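Computed from a predicted model, the values in this text were never measured in an experiment. Positions are given from 1 along the sequence.
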Amino acid sequence: MTVLQVLVDLGIDQETLAGIVGLLVAAYLAGWVVGYALTAIAERSPRRRISIKMLIPIVRFLIYGTAAFLVLGPLLQLSTAQLLAVSGLLGAALGFGLKDLFAGIIGGVVLVTERPYQVGDKVTIDGDYGEVTDIGLRATTLTTPDDSAVRVPNATLFTANVSNANDGRPEMMVVVELAVTASADVGRASVIVKEAMVTSKYVYVDDDHPFTVLVEDESYYRTIRGKAYVADLRDEFAFASDVTERSMAAFDSEGIEMPEAPVHVSEHR
């Protein structure tokens with residue numbers, strides 16, 4: 001006996017079932033339209049982009065919650081025996097693989113209420129780094145620096161660390177690392193990196209967003225680490241590339257040697 005036949009036997013006629021399906025489809029379409037419209041508005045307001053995009057999952061949850069309430073209306077009018085039968089069906093469904101789905105939905109509710117990250121943030125979740133482009137009922141979508149879409153189940157929030165690089169703000173700190181040989185003029189190299197950062201068209205500097213240059217002594221070379229903010233987090237890699245390219249050109253013109261072995265460069269620490 002199918003689930004549809006069981007529901008019909010319990011007194012939920014096919015007309016009601018058709019209305020429920022139509023309501024769910026309408027809720028899905030409404031959520032999509034709202035997401036599209038708010039995204040378009042956000043892209044026209046760079047300084048408020050993240051604030052506007054954070055409304056997308058909230059509005060979607062309100063739409064889906066309203067739809068769920070309307071769907072549950074007919075069920076709440078069932079008799080005690082019918083409710084027990086429906087509960088049994090739901091329990092069986094959970095046992096056959098919907099447990100992860102419900103865990104994802106609960107994680108989505110926690111995301112909307114506690115907001116460890118929002119749409120538009122740059123985050124690292126369970127080792128995956130990228131911009132949050134969508135927070136759905138079941139999963140969060142990240143767009144990586146290589147333009148790959150990674151879907152992370154919302155339930156991951158309960159088991160993995162989450163690192164947020166900008167925490168809802170359009171500005172974000174970017175770290176650029178360059179290495180010079182142990183015999184190089186580290187003082188001059190630090191000045192070059194500093195000048196490359198503060199003259200970059202992407203940099204954002206004020207009293208609340210300072211910049212700094214640090215030097216670390218490694219075994220066979222020295223690392224110069226420049227830290228500064230960008231005005232728009234989407235310029236993270238453009239800023240890192242700009243500073244690296246101009247610093248390396250200045251190193252070359254002033255005879256500051258860099259080690260031959262490749263050295264790791266981190267743009268989002």
Euclidean distance, Asp206 CG relative to Glu171 CD, rounded to 0.5 Å: 8.0 Å

Are the side chains of Asp128 and Thr144 in contact, using a 4.5 Å heavy-atom criterion? no

Heavy-atom closest pair (Leu233 atom, Gly120 atom, distance to 0.1 Å) is CD2-O, 3.5 Å

Establish, from distance only, whether the side-chain atoms of Thr156 and Asp126 form a donor-acceptor pair under 3.5 Å. no

Heavy-atom closest contact (Asp121 atom, Tyr117 atom, distance): OD2-CA, 3.6 Å

Quick check for you: to the nearest 0.5 Å, what is the distance between Asn161 atom CG and Thr124 atom OG1? 10.5 Å

Test of understanding: clusters of I, L, V, M, F, W, Y form through side-chain heavy atoms closer than 4.5 Å, transitively. Do Phe251 and Val191 belong to the same one? no

Hey, are the side chains of Asn154 and Thr140 touching, using non-hydrogen atoms and a 4.5 Å cut-off? yes

Donor-acceptor pair, distance only, cut-off 3.5 Å: does the side chain of Ser253 make one with the backbone of Ala250? yes

Is any side-chain heavy atom of Phe239 closer than 4.5 Å to a side-chain heavy atom of Met197? yes

Answer yes or no: are there more than 12 heavy-atom neighbours, outside Met258 itself, under 6.0 Å from its atom CE? yes

For residues Pro145 and Phe237, determine if any side-chain heavy atom of one lies less than 4.5 Å from a side-chain heavy atom of the other. yes

Rounded to the nearest 0.5 Å, what's the gap from CZ on Arg225 to OG1 on Thr212? Could you check? 10.5 Å

So CD of Glu131 and CZ of Arg234: to nearest 0.5 Å the spacing works out to 7.0 Å

Find out if a path of hydrophobic residues (ILVMFWY) with successive side-chain heavy-atom gaps under 4.5 Å connects Ile192 to Val205. yes

Work out which heavy atom in Lys201 is nearest to a heavy atom in Asp242; give both atom names and the distance. N-OD2, 4.4 Å

Please report the interatomic distance CG(Asn164) to CD(Gln118), rounded to the nearest 0.5 Å. 8.0 Å

Tell me, do Tyr202 and Val174 make a side-chain contact under 4.5 Å, heavy atoms counted? no

Heavy-atom nearest pair, Val193 first then Val243, reads O-CG1, 4.4 Å

Side-chain touch Val203/Phe211, heavy atoms, less than 4.5 angstrom: no

Taking C-beta and beyond as the side chain, do Glu254 and Asp185 meet within less than 4.5 Å on heavy atoms? no

dist Tyr204:OH -> Asp235:CG (nearest 0.5 Å) comes out at 13.5 Å

Those residues that, when tested against Arg151, pass side chain to side chain contact (heavy atoms under 4.5 Å, CB included) (two or more places apart): Arg138, Ala139, Thr141

Please give me the minimum heavy-atom distance between Met173 and Tyr229, naming the atom from each residue. N-CD2, 3.4 Å

If every non-hydrogen atom of Ala240 is compared with every non-hydrogen atom of Val176, which pair is closest and at what distance? CA-CG2, 3.7 Å

Any side-chain heavy-atom pair of Arg188 and Ile256 under 4.5 Å: yes

